[in-house]
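Each chain gets a letter, A, B and so on, in the order its sequence line appears, and its residues count up from 1. Fair warning: this is a prediction, and the values are worked out from it, not measured in the lab.
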2 protein chains.
Amino acid sequence: MSATIKDVAERAGVSIATVSNVVNGSRFVSGDLAEKVHHAIKELGYQPNPLGRALRKGRSYTIALILPDHSNPFFVQVARGVDEQARRREYGLITCNTDEDPDLETFYVSSLLKRKVDGFVVAPTHRGAETLKPLIEHGAPLVVVDRCIAGMKVDEVFSDNEGGAYEATAYLVGLGHRSIGLIAGIPGISSIEDRVAGYRRALIEHDLPVDESLMAQGCSQIKEGASSAEVLLGKRGITAIFSTNNMMTLGALQCFKKLGVRCPDDVSLIGFDDSEWASAFTPSLTVVAQQAYEMGYSAGDLLFEAIGRGKETHSTRAIKLQTVLIPRESTARPPALRGKKEVHRATSSGGKNKPSASAKSGTRRSPR
Amino acid sequence: MSATIKDVAERAGVSIATVSNVVNGSRFVSGDLAEKVHHAIKELGYQPNPLGRALRKGRSYTIALILPDHSNPFFVQVARGVDEQARRREYGLITCNTDEDPDLETFYVSSLLKRKVDGFVVAPTHRGAETLKPLIEHGAPLVVVDRCIAGMKVDEVFSDNEGGAYEATAYLVGLGHRSIGLIAGIPGISSIEDRVAGYRRALIEHDLPVDESLMAQGCSQIKEGASSAEVLLGKRGITAIFSTNNMMTLGALQCFKKLGVRCPDDVSLIGFDDSEWASAFTPSLTVVAQQAYEMGYSAGDLLFEAIGRGKETHSTRAIKLQTVLIPRESTARPPALRGKKEVHRATSSGGKNKPSASAKSGTRRSPR
DNA sequence: CTGAAAGCGCTAACAC
DNA sequence: GTGTTAGCGCTTTCAG
């Protein structure tokens, strides 16, 4: 079909080794021969076959990205970041969607391991990370994003979830809310757990009771967001809801709509993750935004660093990305206080929320 | 690292050919030996290395999916359909996002061709399809989705865009609208052009003037949707807008919001493509839904059929999928007619809209 | 029915 | 500096 290294060698009247050396710059080749080789390559339109190279070198020049939900705009942005990195380095990228299914995650891991992928970026379905064991035992380069895993030391990139949730909750408190419901996503995932922790800390630091009945847990899906919201709206006195996940926020809105609950007139809503529709909604949504593209981009950085390092062990690295609160229309003072002057109790992320030592300073964002 | 076919052969006391034959079922192997081989495989946890196989067979057991916008939920669903097909057949899938950039499309095509991908599913950035020339010349199996290309004969799967647009427009006419704006997406793409054609036919068949100034063209992005909507809202007498694209519909809503235009009180809005947020919006959106998952799934079918067929030429196939109008809250009678009884002129897709001969009967939908 | 051996395209010793 | 050659792991003739 297409020309091989042998064809080029014959054409240029040199050995295949010389062609290889010219192509890869692995050895010095005299200008004379190099010239001929380049010529032959151009004439035949030679493209080195990555399969041959892969077999020989034992690596495929391909990395894998395993994400839990391609429908979630957050992960789409993460994917863009990783994609950019792979393209820059002329690496192939295989993106997989587990739909939060650990079995599918296990399937993908083994299937990609077979394919001799050079490294993995993954947002695991569970912090236990049994699904990633084969990877780690195999010693494959791995970077975990969005969700940290327990026990094992691996490179990781994640948001300051605790801080972001604190800020969101404190913002609601600052508006005058005293009874704030929580819609929590999938249990057993560090990002969600950290957000719940931030919510709790904010209540405690502002001398508000932590009421377990005001905390609904679901599965980071639209439907579950809707049912969680419905439960919370049944509690008397509730004037605000903090939703810890993109998709569940959407569900909460569907629920509001169904029940005829006006936002922010009846109840305020603040979500985690910004999205394209968040600002188009009526009301537009107040959210805690993450640096999604940056998360993927940094993960790519770490991964390629690890790949470059090869088998040598190294101390693992953690990159924590700051979140940013974007106030919009879905949050307002509670009905009882409407019209009275605002008691601004807290809008910053609070004293205990120490800045991350490893966070990048420059905030790179999606090119789009 | 991991066990090779040689290890298995030694362990089982047979030749590597026998192991290969057992693994692939390519030749009959006596029960006795087969037994031993299976045993050895299990003991060593042998996994055939796809790279070796790929090199030998000249195919990679991987297909590529090239899509123009991963942020668009429509394409995410298409991707799910293709993904399912690839997984069923134990093929790898490489998904690429061109962001509607022809140069990026060209890059991906050449890069994937180098990697000896076995087949392509692509939604091209332009109907001219210069970007796909290398593919076609190379004879690589190819299925085009969502957007047809001109001139070349290739397998294709697409929606009945003309019919869907006709139905949308006729629906608005039926509600009493007489001045209906159009937000058109990227020019030079068949799906968009067909939708514009359907809009025109509906106006003509209902004896309404076709006013070019009521047709705004943009680039299938949120921003462009917003600016198009702003232009249209400047036209006097306009009471309804038909948006031919998911993302532009979102932009139109942002624009409405910015300008304080109430929907459907001031102007009705109908979009192409359903999405998760379409039903959560206030107002919820009336849309023409496509069978996105099915589109990807069918494309996978056609592709693997072509791959199985090998180099033999064949007559190309076209699968046309029906659309379905989902009435929600964003469409209502025009302000002037509010309260008067409805003149139901048309809600079906009209007589000229003949059903597709090749459309699948069963409507397979996403498992989620 | 099974084994030996060639070779897919490439890289990396090893020679000269 | 450059060429020769031995494989990477696998499939598939070709012999027997």
Classify the nucleic acid contact of [X] as base, sugar-phosphate or nothing, counting any heavy atom under 4.0 Å across all strands shown.
X: A:Asn21; answer: nothing
X: A:Ile16; answer: base
X: B:Thr4; answer: sugar-phosphate

Which atom of B:Leu302 lies closest to which atom of B:Asp155, heavy atoms considered:
CD1-CB, 4.0 Å
Before accepting this row, confirm whether a basic side-chain N of the pair [X]/[Y] lies closer than 4.0 Å to the acidic partner's carboxylate O.
X: B:Glu105; Y: B:Lys133; answer: no
X: A:Asp118; Y: A:Arg89; answer: no
X: A:Glu35; Y: A:Lys42; answer: no
X: B:Glu305; Y: B:Arg317; answer: yes

Does any residue of residues 47-62 of chain A have a heavy atom under 4.0 Å from DNA chain D, and if so, which ones, in number order?
A:Leu55, A:Arg56
If I take atom [atom1] in residue [X] and atom [atom2] in nucleotide [N], what distance separates them, rounded to the nearest angstrom?
X: B:Lys114; N: C:dG9; atom1: NZ; atom2: C1'; value: 16 Å
X: A:Glu35; N: D:dG1; atom1: CD; atom2: C1'; value: 17 Å
X: A:Ile5; N: C:dA12; atom1: CD1; atom2: P; value: 11 Å
X: B:Phe28; N: C:dT2; atom1: CZ; atom2: P; value: 8 Å
X: B:Ile41; N: D:dG9; atom1: CD1; atom2: C1'; value: 14 Å
X: A:Lys6; N: C:dG7; atom1: NZ; atom2: P; value: 8 Å

For B:Gly31 and for A:Val23, find the nucleotide of DNA chain C with the closest heavy atom, then tell me which residue's nucleotide is more 5'.
B:Gly31
Using OP1 and OP2 only, check whether a side-chain N or O of [X] sits under 4.0 Å from [N].
X: A:Ser26; N: C:dT11; answer: no
X: A:Thr18; N: D:dG3; answer: yes
X: A:Ser20; N: C:dC10; answer: no

For the side chain of B:Arg115 and the base of C:dG9, is some donor closer than 3.5 Å to an acceptor across the two?
no
Is A:Arg27 side chain donor-acceptor paired with the D:dT2 base, going by distance under 3.5 Å alone?
yes
Can you name the one residue among B:Val121, B:Thr131, B:Leu112 that meets side-chain contact (heavy atoms from CB on, under 4.5 Å) with B:Ile66?
B:Leu112
Check for me whether A:Arg87 meets the cation-pi criterion with A:Tyr91, that is, NZ or CZ under 6.0 Å from the six-membered ring centre and within 45 degrees of the ring axis.
no
Does the side chain of A:Asn21 come under 3.5 Å of the side chain of A:Ser26 through a donor N or O and an acceptor N or O?
yes
Spell out, as yes or no, whether a donor-acceptor pair under 3.5 Å connects the side chain of A:Asp101 to the backbone of A:Thr98.
no
Evaluation steps, salt bridge (Lys or Arg N to Asp or Glu O under 4.0 Å), between B:Asp69 and A:Arg80
CA-CA 11 Å; B:Asp69 185 3; A:Arg80 281 179 192 275; 3.7 Å; yes
Can you pull out how bent the helix from C:dC1-D:dG16 to C:dC16-D:dG1 is, comparing the axes over its first five and last five pairs, to 10°?
50°
